[in-house]
> 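Below is the structure I would like to discuss, written out as C-alpha coordinates.
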Amino acid sequence: MRSPYGFFVMLCCLLSCCCLFSFTNAFAPPYRSIAVKPTTTAIASSFYGDFEDFENNDDDEDDDDDDEDDDDEYANLDDAAVANFRSRMGNMFGDAPTAEDDDGDGEAVPMEGVSTSSSSVDDLIRRATQKEAGAAETTDWANQVNDVQGGVVLVANPAKFCSDFGARRESPSSSLLNKFGLTLPPPADLGPDRRADLLPVLCVLEKHPLRGAQAVLLNRRTGYLLGDLEQQTDEEQGMPAPPPRLGAFMIQPLWFGGTSAGEDSSSSGLDMLHQCPTVAGTKQLTDDGLFWGGDAAQAQDAMSDPSLERVYTGFDFKFFVQSTRWLPLQLEKEIRDGTWFVASVSKEVLFKPRDRMGTRRAKPLWTEIMELMG
(Lines give C-alpha, C1' and ligand atoms only; values in the text may rest on other atoms or scores of the structure.)
Protein backbone atom coordinates (compact mmCIF):
# COMPACT_ATOMS: atom_id res chain seq x y z
CA MET A 1 0.00 0.00 0.00
CA ARG A 2 1.29 3.29 -1.07
CA SER A 3 1.95 6.13 1.33
CA PRO A 4 -0.41 9.17 1.28
CA TYR A 5 2.65 11.38 1.17
CA GLY A 6 3.74 10.02 -2.27
CA PHE A 7 0.32 10.58 -3.76
CA PHE A 8 0.37 14.17 -2.55
CA VAL A 9 3.72 14.81 -4.27
CA MET A 10 2.51 13.50 -7.68
CA LEU A 11 -0.61 15.70 -7.45
CA CYS A 12 1.52 18.80 -6.86
CA CYS A 13 3.72 18.08 -9.89
CA LEU A 14 0.68 17.67 -12.15
CA LEU A 15 -0.80 20.96 -10.98
CA SER A 16 2.52 22.74 -11.56
CA CYS A 17 2.67 21.57 -15.19
CA CYS A 18 -0.86 22.72 -15.87
CA CYS A 19 -0.18 26.15 -14.44
CA LEU A 20 3.00 26.53 -16.46
CA PHE A 21 1.19 25.67 -19.77
CA SER A 22 -1.57 28.17 -19.07
CA PHE A 23 0.91 30.92 -18.25
CA THR A 24 2.80 30.35 -21.54
CA ASN A 25 -0.33 30.57 -23.69
CA ALA A 26 -1.43 33.72 -21.90
CA PHE A 27 1.72 35.75 -22.62
CA ALA A 28 2.90 34.27 -25.99
CA PRO A 29 2.53 36.48 -29.23
CA PRO A 30 -0.37 35.64 -31.51
CA TYR A 31 1.35 33.57 -34.22
CA ARG A 32 -0.60 32.91 -37.43
CA SER A 33 0.03 30.41 -40.15
CA ILE A 34 1.16 32.06 -43.46
CA ALA A 35 0.73 30.31 -46.78
CA VAL A 36 3.86 30.83 -48.86
CA LYS A 37 3.23 30.90 -52.58
CA PRO A 38 6.00 30.53 -55.19
CA THR A 39 6.68 33.74 -57.14
CA THR A 40 7.96 34.18 -60.66
CA THR A 41 9.88 37.15 -62.05
CA ALA A 42 8.42 38.71 -65.19
CA ILE A 43 11.09 39.09 -67.93
CA ALA A 44 10.37 42.00 -70.25
CA SER A 45 12.80 41.06 -72.99
CA SER A 46 11.30 39.06 -75.85
CA PHE A 47 14.68 37.40 -76.29
CA TYR A 48 14.50 35.78 -72.86
CA GLY A 49 10.78 35.22 -73.20
CA ASP A 50 11.45 32.84 -76.07
CA PHE A 51 13.61 30.75 -73.79
CA GLU A 52 10.85 30.73 -71.09
CA ASP A 53 8.39 29.34 -73.57
CA PHE A 54 10.91 26.75 -74.66
CA GLU A 55 11.38 25.51 -71.09
CA ASN A 56 7.63 25.43 -70.36
CA ASN A 57 6.91 23.72 -73.69
CA ASP A 58 3.91 25.94 -74.40
CA ASP A 59 3.10 28.52 -77.09
CA ASP A 60 1.74 31.59 -75.41
CA GLU A 61 -0.68 33.36 -77.70
CA ASP A 62 -0.41 36.53 -75.65
CA ASP A 63 3.33 36.68 -76.29
CA ASP A 64 2.68 36.32 -80.00
CA ASP A 65 0.24 39.20 -79.87
CA ASP A 66 2.82 41.31 -78.07
CA ASP A 67 5.39 40.53 -80.74
CA GLU A 68 2.97 41.57 -83.46
CA ASP A 69 2.35 44.84 -81.65
CA ASP A 70 6.09 45.45 -81.49
CA ASP A 71 6.42 44.77 -85.22
CA ASP A 72 3.63 47.24 -85.93
CA GLU A 73 5.39 49.83 -83.80
CA TYR A 74 8.65 49.39 -85.72
CA ALA A 75 6.76 49.54 -89.01
CA ASN A 76 5.21 52.82 -87.98
CA LEU A 77 8.60 54.18 -87.03
CA ASP A 78 10.02 53.16 -90.41
CA ASP A 79 7.13 54.80 -92.26
CA ALA A 80 7.62 57.98 -90.31
CA ALA A 81 11.35 57.97 -91.04
CA VAL A 82 10.68 57.40 -94.74
CA ALA A 83 8.12 60.20 -94.80
CA ASN A 84 10.59 62.52 -93.12
CA PHE A 85 13.29 61.55 -95.60
CA ARG A 86 10.95 62.15 -98.53
CA SER A 87 10.00 65.53 -97.14
CA ARG A 88 13.66 66.55 -96.86
CA MET A 89 14.45 65.30 -100.35
CA GLY A 90 11.45 67.19 -101.64
CA ASN A 91 12.76 70.41 -100.12
CA MET A 92 16.16 69.81 -101.72
CA PHE A 93 14.83 69.08 -105.20
CA GLY A 94 11.84 71.42 -105.21
CA ASP A 95 9.05 68.93 -104.53
CA ALA A 96 5.74 70.14 -103.26
CA PRO A 97 5.60 70.86 -99.52
CA THR A 98 3.73 68.39 -97.31
CA ALA A 99 1.75 68.80 -94.12
CA GLU A 100 2.33 66.79 -90.98
CA ASP A 101 0.67 63.41 -90.59
CA ASP A 102 -2.66 63.73 -88.73
CA ASP A 103 -4.14 60.27 -89.12
CA GLY A 104 -1.17 58.43 -87.66
CA ASP A 105 -0.51 56.29 -90.72
CA GLY A 106 3.06 57.54 -91.01
CA GLU A 107 2.61 59.12 -94.45
CA ALA A 108 3.02 62.77 -95.26
CA VAL A 109 -0.08 64.55 -96.51
CA PRO A 110 0.35 66.84 -99.52
CA MET A 111 -0.78 70.39 -99.03
CA GLU A 112 -3.82 71.57 -100.92
CA GLY A 113 -3.31 73.47 -104.12
CA VAL A 114 0.22 72.22 -104.62
CA SER A 115 1.16 69.55 -107.14
CA THR A 116 3.14 66.59 -105.87
CA SER A 117 5.83 64.50 -107.49
CA SER A 118 7.41 61.19 -106.63
CA SER A 119 10.66 61.19 -104.72
CA SER A 120 11.86 57.86 -106.04
CA VAL A 121 15.41 57.49 -107.25
CA ASP A 122 14.27 57.07 -110.84
CA ASP A 123 12.30 60.32 -110.73
CA LEU A 124 15.24 62.18 -109.22
CA ILE A 125 17.52 60.92 -111.97
CA ARG A 126 14.91 61.79 -114.58
CA ARG A 127 14.58 65.28 -113.16
CA ALA A 128 18.34 65.82 -113.19
CA THR A 129 18.46 64.61 -116.79
CA GLN A 130 15.68 66.99 -117.75
CA LYS A 131 17.54 69.89 -116.15
CA GLU A 132 20.66 68.99 -118.09
CA ALA A 133 18.64 68.79 -121.28
CA GLY A 134 17.07 72.17 -120.59
CA ALA A 135 20.46 73.74 -119.97
CA ALA A 136 21.81 72.17 -123.14
CA GLU A 137 19.12 73.95 -125.17
CA THR A 138 20.55 77.35 -124.26
CA THR A 139 24.30 76.74 -123.94
CA ASP A 140 25.11 73.72 -126.11
CA TRP A 141 24.72 74.45 -129.81
CA ALA A 142 26.48 73.88 -133.11
CA ASN A 143 25.56 75.29 -136.52
CA GLN A 144 27.06 74.55 -139.91
CA VAL A 145 28.67 77.58 -141.56
CA ASN A 146 30.35 78.29 -144.89
CA ASP A 147 33.03 80.86 -144.07
CA VAL A 148 36.31 79.73 -142.52
CA GLN A 149 37.64 82.19 -139.96
CA GLY A 150 39.13 82.21 -136.52
CA GLY A 151 36.95 80.40 -133.97
CA VAL A 152 35.14 78.02 -136.33
CA VAL A 153 35.45 74.28 -135.82
CA LEU A 154 36.50 71.71 -138.39
CA VAL A 155 34.80 68.32 -137.96
CA ALA A 156 36.27 65.38 -139.85
CA ASN A 157 34.19 63.62 -142.49
CA PRO A 158 34.47 59.90 -141.60
CA ALA A 159 34.22 59.00 -145.28
CA LYS A 160 37.66 60.60 -145.74
CA PHE A 161 39.31 59.04 -142.68
CA CYS A 162 37.78 55.53 -142.47
CA SER A 163 38.33 52.81 -145.03
CA ASP A 164 34.99 51.05 -144.40
CA PHE A 165 32.58 53.95 -144.08
CA GLY A 166 29.49 53.65 -146.29
CA ALA A 167 30.23 52.46 -149.80
CA ARG A 168 33.90 53.52 -149.54
CA ARG A 169 36.36 50.62 -149.64
CA GLU A 170 39.63 52.40 -150.33
CA SER A 171 42.28 53.51 -147.88
CA PRO A 172 42.42 57.21 -146.93
CA SER A 173 45.42 59.30 -147.83
CA SER A 174 48.38 58.45 -145.60
CA SER A 175 49.52 62.07 -145.62
CA LEU A 176 46.09 63.14 -144.35
CA LEU A 177 46.20 60.57 -141.53
CA ASN A 178 49.77 61.43 -140.54
CA LYS A 179 48.93 65.11 -140.35
CA PHE A 180 46.66 64.32 -137.39
CA GLY A 181 48.78 61.69 -135.68
CA LEU A 182 47.10 58.64 -137.23
CA THR A 183 49.08 55.82 -138.77
CA LEU A 184 46.05 53.75 -139.84
CA PRO A 185 42.36 54.44 -140.46
CA PRO A 186 40.29 53.94 -137.29
CA PRO A 187 39.18 50.27 -137.49
CA ALA A 188 35.55 49.28 -137.05
CA ASP A 189 36.27 46.84 -134.20
CA LEU A 190 37.12 49.76 -131.90
CA GLY A 191 33.46 50.62 -131.50
CA PRO A 192 31.66 53.84 -132.42
CA ASP A 193 32.80 55.94 -129.45
CA ARG A 194 36.47 55.10 -129.77
CA ARG A 195 36.40 55.66 -133.52
CA ALA A 196 34.73 59.03 -132.96
CA ASP A 197 37.50 59.96 -130.51
CA LEU A 198 40.07 59.37 -133.27
CA LEU A 199 38.28 61.48 -135.87
CA PRO A 200 39.93 64.94 -135.83
CA VAL A 201 38.08 67.97 -134.46
CA LEU A 202 39.98 71.26 -134.75
CA CYS A 203 39.46 74.87 -133.76
CA VAL A 204 40.71 77.32 -136.37
CA LEU A 205 42.91 80.04 -134.87
CA GLU A 206 43.73 82.01 -137.99
CA LYS A 207 43.24 82.00 -141.76
CA HIS A 208 45.61 84.31 -143.64
CA PRO A 209 45.94 84.66 -147.42
CA LEU A 210 49.75 84.55 -147.22
CA ARG A 211 50.48 82.46 -144.11
CA GLY A 212 47.71 79.96 -144.66
CA ALA A 213 45.58 78.55 -141.85
CA GLN A 214 46.40 77.42 -138.31
CA ALA A 215 44.31 75.30 -135.95
CA VAL A 216 44.63 73.04 -132.89
CA LEU A 217 43.28 69.55 -132.37
CA LEU A 218 40.64 69.51 -129.63
CA ASN A 219 40.45 65.76 -128.97
CA ARG A 220 44.07 64.58 -128.68
CA ARG A 221 45.50 64.13 -125.19
CA THR A 222 49.26 63.77 -124.79
CA GLY A 223 48.92 61.79 -121.56
CA TYR A 224 50.73 64.49 -119.55
CA LEU A 225 49.59 67.14 -117.10
CA LEU A 226 51.03 70.63 -116.94
CA GLY A 227 52.57 69.72 -113.60
CA ASP A 228 54.71 67.15 -115.40
CA LEU A 229 56.46 69.96 -117.30
CA GLU A 230 57.63 71.88 -114.23
CA GLN A 231 61.34 71.92 -113.45
CA GLN A 232 62.74 69.14 -111.30
CA THR A 233 65.48 69.27 -108.67
CA ASP A 234 68.95 69.97 -110.11
CA GLU A 235 70.85 66.87 -109.02
CA GLU A 236 74.26 68.27 -109.94
CA GLN A 237 74.00 71.45 -107.90
CA GLY A 238 71.75 70.01 -105.22
CA MET A 239 69.42 73.01 -105.52
CA PRO A 240 65.70 72.57 -104.94
CA ALA A 241 63.33 73.29 -107.78
CA PRO A 242 61.75 76.77 -107.82
CA PRO A 243 58.03 77.12 -107.06
CA PRO A 244 55.85 76.02 -109.98
CA ARG A 245 55.31 78.89 -112.38
CA LEU A 246 51.88 77.64 -113.43
CA GLY A 247 50.71 76.32 -110.09
CA ALA A 248 47.04 77.06 -110.80
CA PHE A 249 47.13 74.77 -113.85
CA MET A 250 49.13 71.86 -112.43
CA ILE A 251 46.38 69.28 -112.88
CA GLN A 252 45.25 70.45 -116.32
CA PRO A 253 45.90 68.02 -119.18
CA LEU A 254 48.30 68.89 -121.97
CA TRP A 255 46.71 68.57 -125.40
CA PHE A 256 48.41 67.71 -128.68
CA GLY A 257 47.55 70.53 -131.09
CA GLY A 258 49.09 69.01 -134.21
CA THR A 259 52.32 68.12 -135.94
CA SER A 260 53.51 71.68 -136.64
CA ALA A 261 55.37 74.03 -134.34
CA GLY A 262 53.11 76.59 -132.69
CA GLU A 263 53.21 80.29 -133.45
CA ASP A 264 53.22 83.09 -130.90
CA SER A 265 53.86 80.53 -128.19
CA SER A 266 54.88 81.63 -124.72
CA SER A 267 58.37 81.07 -123.43
CA SER A 268 57.25 77.71 -122.04
CA GLY A 269 56.35 76.48 -125.53
CA LEU A 270 52.63 76.32 -124.72
CA ASP A 271 49.59 77.82 -126.38
CA MET A 272 46.23 78.06 -124.70
CA LEU A 273 42.57 78.24 -125.62
CA HIS A 274 40.45 79.75 -122.85
CA GLN A 275 37.39 81.71 -121.76
CA CYS A 276 38.97 84.43 -119.59
CA PRO A 277 38.85 87.91 -121.22
CA THR A 278 41.28 89.58 -118.77
CA VAL A 279 44.35 87.56 -119.75
CA ALA A 280 47.09 89.85 -121.04
CA GLY A 281 47.89 89.54 -124.75
CA THR A 282 44.91 87.33 -125.54
CA LYS A 283 43.02 87.29 -128.85
CA GLN A 284 39.23 86.93 -129.00
CA LEU A 285 38.06 84.35 -131.51
CA THR A 286 34.26 84.27 -131.13
CA ASP A 287 31.51 86.56 -129.92
CA ASP A 288 30.44 84.17 -127.16
CA GLY A 289 33.79 84.48 -125.39
CA LEU A 290 36.40 82.10 -126.81
CA PHE A 291 39.99 83.39 -126.57
CA TRP A 292 43.39 82.28 -127.78
CA GLY A 293 46.87 82.90 -126.41
CA GLY A 294 48.13 85.31 -123.80
CA ASP A 295 50.44 85.16 -120.82
CA ALA A 296 49.83 81.88 -118.99
CA ALA A 297 51.56 83.07 -115.81
CA GLN A 298 49.51 86.26 -115.67
CA ALA A 299 46.35 84.24 -116.36
CA GLN A 300 46.52 82.84 -112.82
CA ASP A 301 45.82 86.31 -111.44
CA ALA A 302 43.47 87.27 -114.27
CA MET A 303 41.10 84.42 -113.37
CA SER A 304 40.08 86.21 -110.15
CA ASP A 305 39.89 89.75 -111.53
CA PRO A 306 37.08 91.58 -109.67
CA SER A 307 35.78 93.03 -112.93
CA LEU A 308 34.77 89.56 -114.17
CA GLU A 309 31.21 88.31 -113.89
CA ARG A 310 32.45 85.09 -112.30
CA VAL A 311 35.64 83.56 -110.98
CA TYR A 312 37.36 81.37 -113.54
CA THR A 313 39.26 78.17 -112.78
CA GLY A 314 41.87 76.07 -114.48
CA PHE A 315 39.12 74.10 -116.19
CA ASP A 316 38.32 77.17 -118.28
CA PHE A 317 41.70 76.75 -120.01
CA LYS A 318 43.07 74.21 -122.48
CA PHE A 319 46.83 74.05 -123.03
CA PHE A 320 48.35 72.82 -126.27
CA VAL A 321 51.75 71.85 -127.51
CA GLN A 322 52.27 72.45 -131.27
CA SER A 323 49.48 73.09 -133.77
CA THR A 324 48.16 72.11 -137.21
CA ARG A 325 48.96 74.20 -140.29
CA TRP A 326 47.84 74.44 -143.90
CA LEU A 327 49.47 76.22 -146.78
CA PRO A 328 47.55 79.06 -148.41
CA LEU A 329 44.36 77.74 -150.09
CA GLN A 330 45.12 74.16 -148.94
CA LEU A 331 42.40 74.11 -146.28
CA GLU A 332 39.87 75.60 -148.69
CA LYS A 333 40.61 72.78 -151.14
CA GLU A 334 40.09 70.12 -148.46
CA ILE A 335 36.76 71.67 -147.54
CA ARG A 336 35.63 71.62 -151.18
CA ASP A 337 36.66 67.96 -151.41
CA GLY A 338 34.43 67.13 -148.44
CA THR A 339 37.18 66.37 -145.93
CA TRP A 340 35.72 68.74 -143.32
CA PHE A 341 32.39 69.96 -142.02
CA VAL A 342 32.68 73.59 -140.90
CA ALA A 343 30.66 74.59 -137.83
CA SER A 344 30.22 77.35 -135.31
CA VAL A 345 30.16 75.68 -131.88
CA SER A 346 29.46 77.14 -128.45
CA LYS A 347 32.37 77.35 -126.03
CA GLU A 348 30.39 75.29 -123.49
CA VAL A 349 30.54 72.31 -125.84
CA LEU A 350 34.26 72.76 -126.49
CA PHE A 351 35.11 72.98 -122.77
CA LYS A 352 32.75 70.30 -121.53
CA PRO A 353 34.63 67.99 -119.08
CA ARG A 354 34.29 64.77 -121.02
CA ASP A 355 36.73 62.83 -118.83
CA ARG A 356 35.03 63.84 -115.52
CA MET A 357 31.54 62.36 -115.83
CA GLY A 358 31.84 59.75 -113.04
CA THR A 359 30.76 56.26 -114.05
CA ARG A 360 28.87 57.58 -117.07
CA ARG A 361 30.96 57.91 -120.21
CA ALA A 362 30.62 61.29 -121.91
CA LYS A 363 29.89 61.61 -125.59
CA PRO A 364 32.91 62.10 -127.83
CA LEU A 365 33.30 65.68 -129.01
CA TRP A 366 32.93 64.62 -132.64
CA THR A 367 29.65 62.82 -131.87
CA GLU A 368 28.09 65.69 -129.92
CA ILE A 369 28.90 68.31 -132.54
CA MET A 370 27.48 66.17 -135.34
CA GLU A 371 24.29 65.56 -133.34
CA LEU A 372 23.89 69.27 -132.56
CA MET A 373 24.31 70.15 -136.23
CA GLY A 374 21.56 67.67 -137.09
Side-chain angles (χ1 to χ4, degrees), residues 142-163 165 168 170-186 195-222 254-274 281-287 290-294 296 318-345 347 349-350 364-366 369-370 373:
N143 303 310
Q144 191 166 0
V145 296
N146 297 321
D147 297 334
V148 178
Q149 57 184 348
V152 301
V153 175
L154 304 176
V155 185
N157 183 354
K160 297 293 185 178
F161 287 85
C162 300
S163 58
F165 187 82
R168 180 188 176 95
E170 59 184 42
S171 298
S173 169
S174 58
S175 60
L176 179 64
L177 296 176
N178 293 335
K179 188 179 185 69
F180 304 101
L182 299 174
T183 57
L184 296 172
R195 294 185 86 185
D197 282 332
L198 295 176
L199 292 174
V201 178
L202 302 100
C203 178
V204 176
L205 306 177
E206 179 190 29
K207 186 175 81 73
H208 193 273
L210 299 179
R211 294 193 297 266
Q214 181 188 9
V216 287
L217 280 164
L218 297 176
N219 55 348
R220 291 286 190 277
R221 294 270 302 257
T222 63
L254 181 63
W255 298 85
F256 178 69
T259 56
S260 304
E263 182 182 1
D264 298 332
S265 298
S266 63
S267 58
S268 60
L270 299 176
D271 291 308
M272 61 182 183
L273 196 67
H274 59 91
T282 190
K283 174 185 176 182
Q284 185 169 355
L285 297 178
T286 63
D287 294 335
L290 184 64
F291 298 88
W292 171 255
K318 284 182 176 290
F319 293 88
F320 298 86
V321 57
Q322 301 189 159
S323 64
T324 301
R325 291 181 174 277
W326 290 268
L327 296 174
L329 303 179
Q330 183 180 5
L331 177 58
E332 289 83 349
K333 181 178 183 302
E334 291 181 1
I335 294 174
R336 289 195 302 269
D337 293 342
T339 305
W340 306 103
F341 302 110
V342 184
S344 175
V345 184
K347 66 180 188 298
V349 173
L350 301 181
L365 179 60
W366 184 92
I369 294 177
M370 293 297 292
M373 286 196 302

> Judged by atom type as modelled, is there a donor-acceptor pair below 3.5 Å linking the side chain of Thr324 to the main-chain atoms of Gly257?
yes

> Out of curiosity, Thr222 OG1 to Leu254 CG, how far, rounded to the nearest 0.5 Å?
4.0 Å

> Sequence neighbours left out, what pairs pass side-chain hydrogen bond (donor to acceptor under 3.5 Å, both in side chains) with at least one residue falling in residues 196-205?
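Passing the test, one end in residues 196-205: Asp197-Arg361.
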
> Tell me, please, which residues at least two apart from Asp337 pass salt bridge (charged side-chain N to carboxylate O under 4.0 Å, His left out).
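Scan of Asp337 (salt bridge (charged side-chain N to carboxylate O under 4.0 Å, His left out), adjacent residues dropped) gives Lys333.
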
> Taking side-chain hydrogen bond (donor to acceptor under 3.5 Å, both in side chains) as the test, write out the residues that go with Gln284, two or more places apart.
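Scan of Gln284 (side-chain hydrogen bond (donor to acceptor under 3.5 Å, both in side chains), adjacent residues dropped) gives none.
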
> Quick one: which of Val201, Leu202, Leu182 gives a side-chain contact (heavy atoms from CB on, under 4.5 Å) with Arg220?
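Going through Val201, Leu202, Leu182 one by one, the side-chain contact (heavy atoms from CB on, under 4.5 Å) with Arg220 is satisfied by Leu182 alone.
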
> Can you sort out the partners of Arg195 under side-chain hydrogen bond (donor to acceptor under 3.5 Å, both in side chains), two or more places apart, ordered by chain and number?
Asp164

> Please answer whether the main-chain N or O of Arg325 pairs with a side-chain N or O of Lys179 as donor and acceptor at a distance below 3.5 Å.
yes

> If we ignore angles and hydrogens, is there a donor and acceptor under 3.5 Å between the side chains of Trp326 and Glu334?
yes

> Just so I know, are the side chains of Leu199 and Cys162 near enough to count as touching, which here means a heavy-atom distance under 4.5 Å?
yes

> Kindly write out the residues that satisfy side-chain hydrogen bond (donor to acceptor under 3.5 Å, both in side chains) with Ser175, not counting sequence neighbours, or none if the list is empty.
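Here the qualifying residues are Ser173.
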
> Assess whether side-chain contact (heavy atoms from CB on, under 4.5 Å) is satisfied between Thr259 and Asn178, documenting all intermediate values.
CA-CA 9 Å; Thr259 56; Asn178 293 335; over 6 Å; no

> So do Leu273 and Leu218 actually touch side chain to side chain, heavy atoms under 4.5 Å?
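Yes. Closest side-chain heavy atoms under 4.5 Å.
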
> Sub-3.5 Å donor-acceptor pair from the side chain of Thr286 to the main-chain atoms of Gly151, do we have one?
no

> Write down the atom of Leu176, the atom of Lys160, and the distance for their closest heavy-atom approach.
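So the minimum-distance heavy-atom pair works out to CD2-O, 3.8 Å.
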
> Please test Leu154 against Leu331 for side-chain contact (heavy atoms from CB on, under 4.5 Å), starting from the C-alpha separation and ending with a verdict.
CA-CA 10 Å; Leu154 304 176; Leu331 177 58; 3.7 Å; yes

> Can you spot which of Trp292, Phe319, Trp255 makes a side-chain contact (heavy atoms from CB on, under 4.5 Å) with Asp271?
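For Asp271, the side-chain contact (heavy atoms from CB on, under 4.5 Å) test succeeds with only one of Trp292, Phe319, Trp255, which is Trp292.
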
> List for me each residue that meets side-chain hydrogen bond (donor to acceptor under 3.5 Å, both in side chains) alongside Thr282, sequence neighbours excluded, and say none if there are none.
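Expected list: His274.
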
